[in-house]
Amino acid sequence: MSRALTPNVLTPQDLDPHWQWEGRLPAWGHTNVDFERRVDHDRLRRYRLSRTREALKNSHCGTLLLFDVNNIRYVSSTKIGEWERDKMCRFCLLTGDDAPYVWDFGSAAVHHKKYSDWLVPDHCRAGVVGMRGTIPPSFGLMRKYAEEIAGLIEDAGMKGMPVGVDYAETAMFHALKEAGLNVVDGQQIMLSAREIKNWDEIQLLTQAASMVDGVYHMIYEELKPGIRENDIVAMSNKLLYEMGSDDVEAINAISGERCNPHPHNFTDRLFRPGDQAFFDILQSYQGYRTCYYRTFNIGTSTPAQRDAYVKAREWIDASIQAIKPGVTTDQVAKLWPKAEEFGFPDELSAFGLQFGHGLGLALHERPIISRAVSLDNPMEIKTGMVFALETYCPAADGYSAARIEEEVVVTDTGCEVISLFPAQDLPIANRY
């Protein structure tokens with residue numbers, strides 16, 4: 001039996017991230033080929049499971065019970081479509097050194113047995129609990145599976161040890177406790193596992209960023225009067241799915257007087273000559289996500305708009321230059337202006353405007369960098385982290401604003417930017 005078919009037998013070598021920092025980070029084509037070494041999916045699966053087991057061993061828990069689809073994918077490498085994300089219908093159990101169990105939606109469990117040969121077939125089970133309450137607890141499914149899970153934990157010799165749960169329906173928490181399980185927070189264990197990316201994860205994140213490079217070139221060509229914010233969103237969705245995106249999570253498209261304060265959405269507003277406009281593209285390739293802002297002006301720009309862009313660029317450049325292993329997140333956050341210095345009453349009101357956040361299978365992973373949280377709760381930046389840095393500067397005209405975001409990979413000596421659409425100077429689309 002090959003190593004790929006023995007998921008409960010891992011070696012210390014499976015924790016090796018296999019980084020290759022010499023040269024530029026590659027952004028391969030999306031098809032595996034025989035003449036280049038691209039993403040090694042077996043290595044990826046074994047690394048992620050090894051990282052999770054290591055994090056579990058370093059915790060006080062004996063078991064992880066996962067309902068967060070990002071965690072389920074990280075541990076089991078199963079995914080059944082983006083529709084699952086808010087259904088709360090799938091779950092996964094990892095107990096000690098046992099192979100993961102996956103309870104999946106009906107026939108998906110049968111599919112895993114047939115095609116997911118890195119899983120133990122007997123551990124692929126059909127199951128569903130509440131589906132956000134649409135199956136009432138009185139039906140008994142939550143009690144049934146809570147008791148089954150408790151039995152598997154006892155069989156693995158972990159009875160009495162805390163069970164880390166990432167999140168679940170309230171009624172499921174009650175069912176687990178009634179089954180005798182000591183439920184504690186497991187999300188922090190999973191975030192610890194996921195914070196360091198291996199070479200395959202970094203390649204997937206770079207491939208995802210390269211897709212957004214192309215979308216921004218399209219946006220640059222299409223921005224003109226007569227086009228609406230939602231038109232750009234539609235065109236971006238189309239192009240991303242054509243390039244192989246598996247989920248366009250959201251696209252912000254904000255222009256003109258909507259730029260300040262930042263509303264984090266899009267409308268049917270028509271772009272007008274002289275507008276400042278910024279966009280955020282959140283999408284994933286093989287689960288690995290982007291968060292990638294760019295600002296443009298349409299036709300012309302004013303001194304106030306250009307000044308705002310210069311300040312946003314200076315703030316983000318300062319933070320990029322500070323990134324290297326061993327630096328703490330408070331040191332980066334201090335490089336950004338206080339909320340009151342750019343028009344907000346406090347740091348929570350400005351949360352997410354001068355901001356850093358990890359990228360991976362989720363949009364927000366470790367580290368989080370913000371004056372609101374990092375000054376009193378700093379986190380060490382480590383080699384292999386991948387995160388986005390984003391800045392925002394309102395213009396002196398009272399309504400325009402500049403927004404820039406760069407994605408960085410922390411290398412052994414510093415960091416490399418993987419969001420490459422030009423943004424050192426304010427781009428003017430369809431200049432008059």
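When a residue number appears, it is its place in the shown sequence, counting from 1.
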Is the shortest side-chain heavy-atom distance between M172 and F67 below 4.5 Å?
yes
What residues form a ring pair (Phe, Tyr, Trp, His ring centres under 6.0 Å) with H111, not counting sequence neighbours?
Y115
Check this for me: does any side-chain nitrogen of one of R43 and E201 sit under 4.0 Å from a carboxylate oxygen of the other?
no
Distance-only polar pair, side chains of D246 and Q286, donor-acceptor under 3.5 Å
no
Separation of M142 CE from I149 CD1 (nearest 0.5 Å)
11.0 Å
Would W28 and E36 count as having a side-chain donor-acceptor pair, cut-off 3.5 Å?
no
Is the shortest side-chain heavy-atom distance between L204 and L44 below 4.5 Å?
yes
Answer yes or no: is there a side-chain heavy-atom contact under 4.5 Å between L359 and Y288?
no
If you take all heavy atoms of D16 and Y47, which pair is closest and at what distance?
O-CD1, 4.0 Å
Do S59 side-chain atoms and C61 backbone N/O form a donor-acceptor pair below 3.5 Å?
yes
Is it true that D166 and N71 share a donor-acceptor pair across their side chains at a distance under 3.5 Å?
yes
At what distance, to the nearest 0.5 angstrom, does CG of D330 lie from CG of D376?
9.0 Å
Identify whether the distance between the nearest side-chain nitrogen and carboxylate oxygen of E249 and R289 falls below 4.0 Å.
yes
Looking only at side-chain N and O atoms, does Q13 offer a donor or acceptor that is under 3.5 Å from a partner on R46?
no
Can you sort out the partners of Y292 under ring pair (Phe, Tyr, Trp, His ring centres under 6.0 Å), two or more places apart, ordered by chain and number?
Y216
Are there more than 12 heavy atoms of other residues, nucleotides or ligands under 6.0 Å from atom OH of Y241?
yes
Between atom NZ of K238 and atom OG of S245, what is the distance when rounded to the nearest 0.5 Å?
14.0 Å
Where does the angle between the aromatic ring planes of Y285 and H30 fall among parallel (under 30°), tilted (30 to 60°) and perpendicular (over 60°)?
parallel
Does a side chain donor of either T328 or E380 reach within less than 3.5 Å of an acceptor in the other side chain?
no
Residue pair V212 / Q283, side-chain heavy-atom distance below 4.5 Å
yes
Could you tell me if the side chain of I219 sits less than 4.5 Å from the side chain of S236, heavy atoms only?
yes
What is the distance from atom CE of M190 to atom CG of L56, rounded to the nearest 0.5 Å?
9.5 Å
Please report the closest heavy-atom contact between R48 and L361, naming both atoms and the distance.
NH1-CD1, 3.9 Å
R258/E229 ion pair, N-O < 4.0 Å:
yes
Are more than 12 heavy atoms, taken from residues, nucleotides or ligands other than R37, located less than 6.0 Å from that residue's CZ atom?
no
Below 4.5 Å, heavy atoms only, C-beta onward: do K197 and L205 meet side chain to side chain?
yes
Angle class for the W103/Y145 ring planes (parallel below 30°, perpendicular above 60°, tilted otherwise)?
perpendicular
Salt bridge check: are R125 and D122 linked by an N-O gap of less than 4.0 Å?
yes
Rounded to the nearest 0.5 Å, what separation is found between the CG atom of L93 and the CG atom of L64?
8.5 Å
State whether a side-chain donor-acceptor pair under 3.5 Å links T78 with R73.
no
Is a side-chain donor or acceptor of R294 paired with a backbone partner of F279 at a separation under 3.5 angstrom?
no
K57 bridged to D97 by N-O distance under 4.0 Å
yes
Who are the salt bridge (Lys or Arg N to Asp or Glu O under 4.0 Å) partners of D280, not counting sequence neighbours?
none
Is there a donor-acceptor pair under 3.5 Å between the side chain of H357 and the backbone N or O of R366?
no
If we only count heavy atoms from C-beta on, is the T383 to T411 side-chain gap below 4.5 Å?
no
Among R85, E365, R194, whose side chain to side chain donor-acceptor pair (under 3.5 Å) with N70 holds?
R85
Taking all atoms of both residues into account, what is the closest heavy-atom pair of P137 and A171, and its distance?
CG-CB, 3.5 Å
Decide whether H174 and E178 meet the rule of one side-chain donor and one side-chain acceptor closer than 3.5 Å.
no
Salt-bridge present (R269, D275; N to O < 4.0 Å):
yes
Mark yes or no: R403 above the aromatic ring of Y293, with NZ or CZ under 6.0 Å from the six-membered ring centre and no more than 45 degrees from the axis.
yes
Shortest non-hydrogen separation from S77 to R45 and the atoms involved
OG-CG, 3.1 Å
What is the minimum heavy-atom distance between T290 and I281, and which atoms define it?
OG1-O, 3.0 Å
D213 versus S210, side-chain donor and acceptor atoms under 3.5 Å
no
Using only atom types and a distance under 3.5 Å, with no angle test, would you say the side chain of H112 pairs donor to acceptor with the backbone of V110?
no
Please give me the minimum heavy-atom distance between N260 and A401, naming the atom from each residue.
CB-CB, 4.4 Å
Can you confirm if the aromatic rings of F105 and W83 lie within a centre distance of less than 6.0 Å?
yes
Could you check W336 against S319 for side-chain contact (heavy atoms from CB on, under 4.5 Å), going step by step and ending with a plain yes or no?
CA-CA 8 Å; W336 295 331; S319 57; 3.5 Å; yes
Please check: side-chain N/O of D200 versus main-chain N/O of V39, any donor-acceptor pairing under 3.5 Å?
no
At what distance, to the nearest 0.5 angstrom, does OG of S255 lie from CZ of F278?
9.0 Å
Side-chain heavy-atom pair Q207, M211 within 4.5 angstrom cut-off:
no
Mind checking whether F421 and Y220 have parallel, tilted or perpendicular rings, split at 30° and 60°?
tilted
